[in-house]
Participant: 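Here's a structure for you.
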Amino acid sequence: MVVYGHAQPTTPWSPATGSLRPRLQSAVIPDDSTDTTVATVVGKPFSVIDEFNSWRKQPELAEAVAAIRALAAVIRNCEATTMMELEIELKKASDSLKSGDTTSISLTAGCDLFMRYVTRTSALEYEDFDSAKSRLIERAEKFGEISCKARRIIAMLSQDFIFDGCTILVHGFSRVVFEVLKTAAQSKKLFRVFCTEGRPDRSGLRLSNELAKLDVPVKLLIDSAVAYTMDEVDMVFVGADGVVESGGIINMMGTFQIALVAHSMNKPVYVAAESYKFARLYPLDQKDMVPALCPIDFGVPIPSKVEVETSARDYTPPQYLTLLFTDLGVLTPSVVSDELIQLYL
Amino acid sequence: MDPRRAPRTVSDPKVRKVGFFTDPPDRSLPGPPNHPISSFPTSPPSTVDNSPPSAGNSLSPVMIPPPRHSSSILSPLRRDPPEFFPLPASPTASTTFSDDVASTMKGRGVAAASSSLPGGLLFDIAASSVPASGLTTVSVVNNLPIGIFEKGGGVAVEMQDDQSSRSKSLKEKTTKAERRALQEAQRAAKATAKAEDGKTPAAASGAAASVKSGKSVKPPPSQKNDSAALAALEKKAGDRPPEKDRKKEVPQPRMQFDDKSRVEKAKRRAVVKQTEARNRVELFRHLPQYERGTQRTELQSKFFELDPVHPAVYKVGLQYLYGDICGSNARCIAMLQAFQEAIKDYSTPSEKTLARDLTAKIGSYLSFLIECRPLSISMGNAIRFLKNRIAKLPLTLSELEAKATLRSDIDRFINEKIILADKVIVKHAVTKISDGDVLLTYGSPSAVEMVLLHAHELGKQFRVVVVDSRPKLEGQLLLHRLVGKGINCTYTHVNAISYIMHEVTRVFLGASSVLSNGTVYSKVGTACVAMVAHAFRVPVLVCCEAYKFHERVQLDSLCSNELGDPDVISKIHGREDINFLDGSTNSENLQLLNLIYDATPSDYISMIITDYGMVPPTSVPVIVRDYRREHLWI
């Protein structure tokens with residue numbers, strides 16, 4: 001089993017900037033490994049985990065993008081001689097990456113989408129292996145590039161929606177949203193940002209720090225003050241952990257609440273998400289997802305009889321979202337399923 | 001890989017591109033823009049594009065033209081199978097009465113040489129001539145000049161097979177036939193001129209007014225147009241099946257029954273004489289309704305006279321009439337198996353091609369089945385598939401091989417699109433059932449039953465609420481089967497739905513069809529259940545195989561529906577003392593209405609579970625687009 005820095009499931013967001021999780025440590029693997037697939041990967045000079053880690057050393061690189069790049073490297077360094085073998089290796093590598101963190105939707109979705117995109121071919125079997133492999137590498141590179149550039153594209157697309165004098169409400173620290181705001185600030189737009197505190201991991205505080213460095217007027221709110229200030233807000237900007245097939249999003253706990261309030265007060269809710277986050281999930285309600293727990297520190301000891309709701313994320317149905325900004329363009333929520341069907345079928 | 005499929009070139013998956021990339025947006029229109037159009041002088045793509053192909057939506061009550069792509073129309077079907085376009089996009093003028101097709105046909109008909117285009121179009125006409133709606137009229141309604149349509153259709157198939165000249169020479173008839181062809185050509189040419197004037201499409205929406213305004217002119221001219229084009233092109237007699245077959249071949253889709261003249265014509269050509277019900281609800285006058293008693297006796301008495309109808313088909317027809325087979329899957333499978341039998345016993349008459357004649361025969365069987373009970377949408381899709389397969393048979397096959405191919409195609413259709421699709425649906429749906437759930441279902445949908453049984457086998461702990469309604473009380477059958485397997489069930493009628501809904505965690509519904517705007521068309525009462533569930537914020541999941549999807553759009557339950565026997569409403573089985581309505585059924589003040597279907601708007605549906613996976617209702621047009629393309633390739 002691939003072992004991470006901590007023994008138990010880690011907090012979803014670690015304080016380190018740029019990396020969401022402690023790095024995969026491939027060195028610990030060998031002896032007690034029951035997972036033979038990983039052992040074979042490690043035994044070879046090339047290891048997908050190593051590749052993944054090296055990509056993740058880059059700050060600001062999203063986890064899923066690092067995984068995509070690692071998988072592209074797998075194809076390049078693969079020693080298979082037939083298509084099936086290549087696909088099997090790819091699948092093994094993808095599984096090992098995914099097993100590292102089963103609660104991360106974007107990682108799983110990114111890997112799956114990569115697999116579908118790259119191996120989706122009707123007649124690859126007919127070509128000779130080398131040309132097919134080079135074609136795969138080409139596609140993998142292209143996909144990797146798109147994913148890398150995704151944030152910039154999204155930032156460019158959303159500039160039209162931020163006008164001078166507007167007030168933006170932001171929830172949680174999403175690097176995409178931060179990029180959007182940064183680009184807007186750099187193009188000298190005048191706007192102010194309301195930042196929710198984002199308990200339990202206080203990501204809102206970090207975001208407000210970063211924004212303050214950019215000289216953007218920021219106001220911090222506690223999570224309960226959202227409805228109170230919603231009148232002054234012009235639009236809500238959130239990121240997403242994953243975009244599900246119905247067009248809804250799975251994001252940090254509190255997003256659903258904010259979306260509900262915004263919807264009832266007729267404020268638009270914009271979601272900035274890269275396209276590799278489109279997942280083939282379809283939650284019907286809040287409990288219909290893989291749980292992701294996050295310990296909450298209340299500052300005072302809680303008696304053991306008292307239960308604490310520790311879920312770290314919630315599901316926002318598509319009817320509360322106005323638009324999705326993705327690298328594929330500015331989309332309405334119903335297009336997500338369209339894209340997924342195109343890709344998966 | 002299917003040997004019939006041409007090897008496809010590898011193409012990279014398309015990525016939707018944002019406007020400011022230098023490349024033109026990759027999300028291209030379905031179909032290659034650079035299609036070999038061969039010598040086709042007079043068909044500017046613009047004409048083709050402009051013709052609002054309401055023709056494409058054969059049965060849309062409101063003829064909303066789908067977006068047309070220039071390439072799609074010009075595709076010679078046989079040349080590039082992989083690039084075959086989705087049926088809606090291709091000018092399948094299954095409403096051959098559509099003016100637009102008529103005008104485009106006219107435009108194209110002038111060109112002599114290239115047979116591909118009109119052939120392609122007409123092939124579609126022939127192939128999709130059977131209406132998918134449950135509303136088609138009693139046989140025929142072939143207000144056609146003798147043989148025009150059939151010839152047109154037949155010629156289309158031949159041309160489409162690219163051996164038109166060869167088969168035509170076979171059919172080079174006596175001078176009498178040639179004279180006839182000339183006559184028809186002249187008549188067609190005359191009708192063409194007439195057709196240009198009337199602009200409203202024939203199978204218009206349910207508005208009685210539009211229908212009434214002299215529409216009998218409409219169908220013949222448009223059909224004449226098509227064949228006029230061909231007649232002009234071919235100048236050959238072409239063989240014509242006997243008049244009886246011709247008349248029964250293409251039932252006009254969605255004939256509006258409030259148009260007296262059309263009804264009269266239809267009746268004259270009907271296989272079975274039926275008397276219309278006397279006391280009909282004004283709002284539903286556009287739907288057919290016949291006296292049930294006379295229908296049955298008529299059919300029974302005609303048993304030995306109905307030679308053109310194969311006994312297997314006859315049996316299925318009777319089963320429909322008596323209500324022995326219920327449920328769209330069962331009906332579809334029964335019909336396809338009957339056709340399999342018919343194909344097995346079929347032998348091509350001399351001087352005819354298998355494809356054309358068989359299509360005509362299938363058409364006649366269909367007319368018969370429609371008389372017994374109007375087709376459901378799933379059956380219409382299956383028929384479209386079958387006709388497509390027949391038309392695509394290579395002419396090099398011997399009769400035995402062709403028949404074997406067709407029968408195996410039907411088997412494959414049933415297996416892939418219905419049986420396997422159900423398995424996939426079950427696999428997806430059980431992931432949405434968790435322990436402690438209370439599931440509600442309405443009526444007796446086959447897909448939902450399979451889901452519940454499978455979930456029970458997997459050991460999930462849940463209980464089921466079966467909601468039922470008169471007059472059919474289908475829920476009782478489902479109840480028996482579920483209780484027999486040991487599932488905890490509750491049974492109630494639909495009038496208690498709001499009482500029971502607060503306990504329910506999920507609602508599973510079946511569908512007869514899902515339309516393009518996400519509307520679910522299923523047994524009457526489903527809309528009620530879905531709306532109450534929505535009000536209680538209970539997720540509604542619809543389980544429906546993809547072959548039941550249709551590109552039609554329907555906004556209400558009125559314009560297209562099916563009327564059942566009104567007498568069953570007034571009586572309650574087992575309670576003879578409730579006979580208050582005896583004797584009032586023919587009263588002026590009382591009209592009994594027994595609707596079979598209703599339309600549930602997409603807002604009340606949370607998810608549709610198909611063999612394509614779990615999709616939101618907004619994705620149905622995507623699947624229809626994909627599905628048409630794919631299913632026509634198998």
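We use all heavy atoms of the structure for the numbers below, so side chains are in, but hydrogens, waters and symmetry mates are not. Naming convention: chains lettered A, B, ... in sequence-line order (proteins, then strands); numbering from 1 in each chain.
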Participant: What closest approach, in Å, do B/Tyr612 and A/Arg280 show between heavy atoms, and which atom pair accounts for it?
Facilitator: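 So the minimum-distance heavy-atom pair works out to O-NH2, 3.6 Å.
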
Participant: Check whether A/Pro317 gets within reach of chain B through its side chain, its backbone, both or neither, counting any heavy atom under 4.5 Å.
Facilitator: neither

Participant: How many angstroms lie between OG in B/Ser434 and NZ in A/Lys287, if you round to the nearest 0.5 Å?
Facilitator: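 The OG atom of B/Ser434 sits 11.5 Å away from the NZ atom of A/Lys287.
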
Participant: Does either side chain, that of A/Ser334 or that of B/Thr618, offer a donor lying less than 3.5 Å from an acceptor on the other one?
Facilitator: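 Looking only at side-chain atoms, B/Thr618 and A/Ser334 do not form any donor-acceptor pair under 3.5 Å.
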
Participant: Could you give all pairs that pass the salt bridge (Lys or Arg N to Asp or Glu O under 4.0 Å) test and reach residues 532-543 of chain B, with sequence neighbours left out?
Facilitator: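 Matches after skipping sequence neighbours: none remain.
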
Participant: How far apart are the closest heavy atoms of B/Pro616 and A/Tyr282, and which atoms are they?
Facilitator: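 It is CA-OH, 3.2 Å.
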
Participant: Please examine the side chains of B/Arg506 and A/Asp285, heavy atoms only from C-beta on, and report whether any two atoms are closer than 4.5 Å.
Facilitator: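 SC-SC contact between A/Asp285 and B/Arg506 confirmed.
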
Participant: Applying ring pair (Phe, Tyr, Trp, His ring centres under 6.0 Å), name anything that partners A/Phe161, two or more places apart in sequence or on another chain.
Facilitator: A/Tyr270, A/Phe325

Participant: To the nearest 0.5 angstrom, please state how far the OG1 atom of B/Thr431 sits from the CG atom of A/Asp288.
Facilitator: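 So the gap between those two atoms works out to 7.5 Å.
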
Participant: Evaluate the side-chain proximity of A/Ser337 to B/Val622: yes if any heavy-atom separation is below 4.5 Å, no if none is.
Facilitator: no

Participant: Would you call B/Arg625 and A/Asp338 a side-chain contact if the rule is heavy atoms closer than 4.5 Å?
Facilitator: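 SC-SC contact between B/Arg625 and A/Asp338 confirmed.
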
Participant: Could you tell me whether A/Gln186 atom CD has more than 12 heavy atoms of other residues or ligands within 6.0 Å of it?
Facilitator: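 Enclosed: over 12 neighbouring heavy atoms sit under 6.0 Å from CD of A/Gln186.
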
